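Below is one structure, written out as structure tokens, with a few remarks after it.
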Amino acid sequence: MTFQAYLDTIKEKTGKSPDDFVKLAKKKGLTQHAELLAWLKEEFGLGTGHARALIVVIQGADKPRASKDEAVDKHFTGAKAGWRTAYDALLKKLNTFGSDVSVSPTSSYISLLRDKKKFGIVQVSSKYMDIGIKRKGTPATDRFGESGSWNNMVTHRVRIEDPKELNAELYKWLRAAYDSA
């Protein structure tokens, strides 16, 4: 479930938007994690995961927000900067799949989305770029391995150690994941 999906579910359940919760918390003078968690669970019947998603919103409401581009840029700083060109080439290819392709950066990886539904992720280190692909029911291969405990948001993982490995085979897997999303 994406962060936005948590927020959407909360709105469906409570009828309140994240901004509504920010205003209510300010009105009550609630700022600390524990008191916010208790309030959201008791007053609105939210589970821990959904309450924690709202706490991130509430506690970050007054902080300046980085743009999506700035958040993506953070993944390619320092020793990871060498992967930016490969990532840009990957994204350029993904955009040929359809106008509904977008990205959503988190602090640890970049989600690949079709109409806000995740079909893959990209995670960069200094030595490689991991691409996670959501393909339930598709058997793993030597290169197209199971994601295992690496990331439970996807089913398969491909490690790219050389940008030349961004090839037709990989794009075929990504296209199938996109088509299934």
Side-chain angles (χ1 to χ4, degrees), residues 1-26 30-76 87 90-91 93-95 97-124 129-138 144 146-158 173-181:
M1 181 176 280
T2 65
F3 187 78
Q4 185 61 49
Y6 271 101
L7 298 180
D8 292 345
T9 302
I10 292 165
K11 179 152 175 105
E12 288 172 19
K13 181 174 183 169
T14 66
K16 298 189 181 325
S17 72
D19 288 340
D20 294 333
F21 282 100
V22 169
K23 290 173 189 169
L24 288 170
K26 282 184 180 182
L30 303 174
T31 60
Q32 299 302 309
H33 187 276
E35 65 188 9
L36 286 165
L37 184 64
W39 171 63
L40 292 167
K41 289 174 110 178
E42 290 168 17
E43 195 163 324
F44 299 98
L46 297 178
T48 301
H50 289 88
R52 286 183 176 161
L54 271 178
I55 292 168
V56 168
V57 172
I58 293 166
Q59 291 182 327
D62 296 330
K63 296 178 183 174
R65 295 183 183 164
S67 71
K68 187 183 290 187
D69 289 339
E70 291 169 330
V72 168
D73 289 345
K74 287 182 181 180
H75 288 273
F76 300 98
Y87 169 79
L90 171 70
L91 194 55
K93 180 65 175 179
L94 294 178
N95 282 322
F97 294 172
S99 61
D100 54 356
V101 171
S102 65
V103 298
S104 179
T106 70
S107 60
S108 56
Y109 59 85
I110 303 166
S111 295
L112 306 173
L113 309 171
R114 177 183 190 183
D115 278 335
K116 299 182 181 180
K117 188 169 180 187
K118 188 178 300 190
F119 68 90
I121 64 171
V122 175
Q123 187 174 38
V124 183
M129 179 166 65
D130 281 331
I131 300 175
I133 303 171
K134 204 169 188 178
R135 293 286 319 276
K136 283 188 178 183
T138 302
F144 186 62
E146 292 182 10
S147 63
S149 62
W150 170 66
N151 189 303
N152 64 2
M153 299 301 291
V154 292
T155 57
H156 295 78
R157 174 184 184 178
V158 178
W173 293 329
L174 285 163
R175 179 61 197 229
Y178 166 85
D179 289 342
S180 296

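The model shown is predicted, which means the values in this text are computed figures rather than measured ones. Just so it is clear, the values below take in all heavy atoms, side chains as well, and ignore hydrogens, waters and symmetry mates.
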Check whether any side-chain N or O of [X] sits under 3.5 Å from a backbone N or O of [Y] as a donor-acceptor pair, and report yes or no.
| X | Y | value |
| --- | --- | --- |
| K41 | A51 | no |
| D20 | S17 | yes |
| H75 | T106 | yes |
| H156 | W173 | no |

Q: Taking side-chain hydrogen bond (donor to acceptor under 3.5 Å, both in side chains) as the test, write out the residues that go with N151, two or more places apart.
A: none
Q.
If the condition is side-chain hydrogen bond (donor to acceptor under 3.5 Å, both in side chains), which residues does E43 pass it with, not counting sequence neighbours?
A.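 For E43 the side-chain hydrogen bond (donor to acceptor under 3.5 Å, both in side chains) partners, ignoring immediate neighbours, are W39.
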Q) Once the angle between the rings of F119 and Y178 is folded into 0 to 90°, is it parallel (under 30°), tilted (30 to 60°) or perpendicular (over 60°)? A) perpendicular
Q) Should the ring pair F21 and F44 be called parallel, tilted or perpendicular, given that the plane angle runs from 0 to 90° and is split at 30 and 60? A)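 Ring orientation, 0 to 90° scale: perpendicular.
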**Q.** Within 6.0 angstrom of E35 CD, more than 12 heavy atoms from elsewhere
**A.**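 Buried by this count: over 12 neighbours within 6.0 Å.
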(Q) If you compare all heavy atoms of M153 against all heavy atoms of K118, which two are closest, and at what distance to 0.1 Å? (A) CE-NZ, 3.6 Å
Q: Evaluate the criterion salt bridge (Lys or Arg N to Asp or Glu O under 4.0 Å) for residue pair D19 and K23; output intermediate values, then yes/no.
A: CA-CA 6 Å; D19 288 340; K23 290 173 189 169; over 6 Å; no
Q.
Just so I know, are the side chains of V22 and V57 near enough to count as touching, which here means a heavy-atom distance under 4.5 Å?
A. yes
Q. Do K116 and S102 have side-chain atoms, one donor and one acceptor, less than 3.5 Å apart?
A.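 There is no such pair between these side chains.
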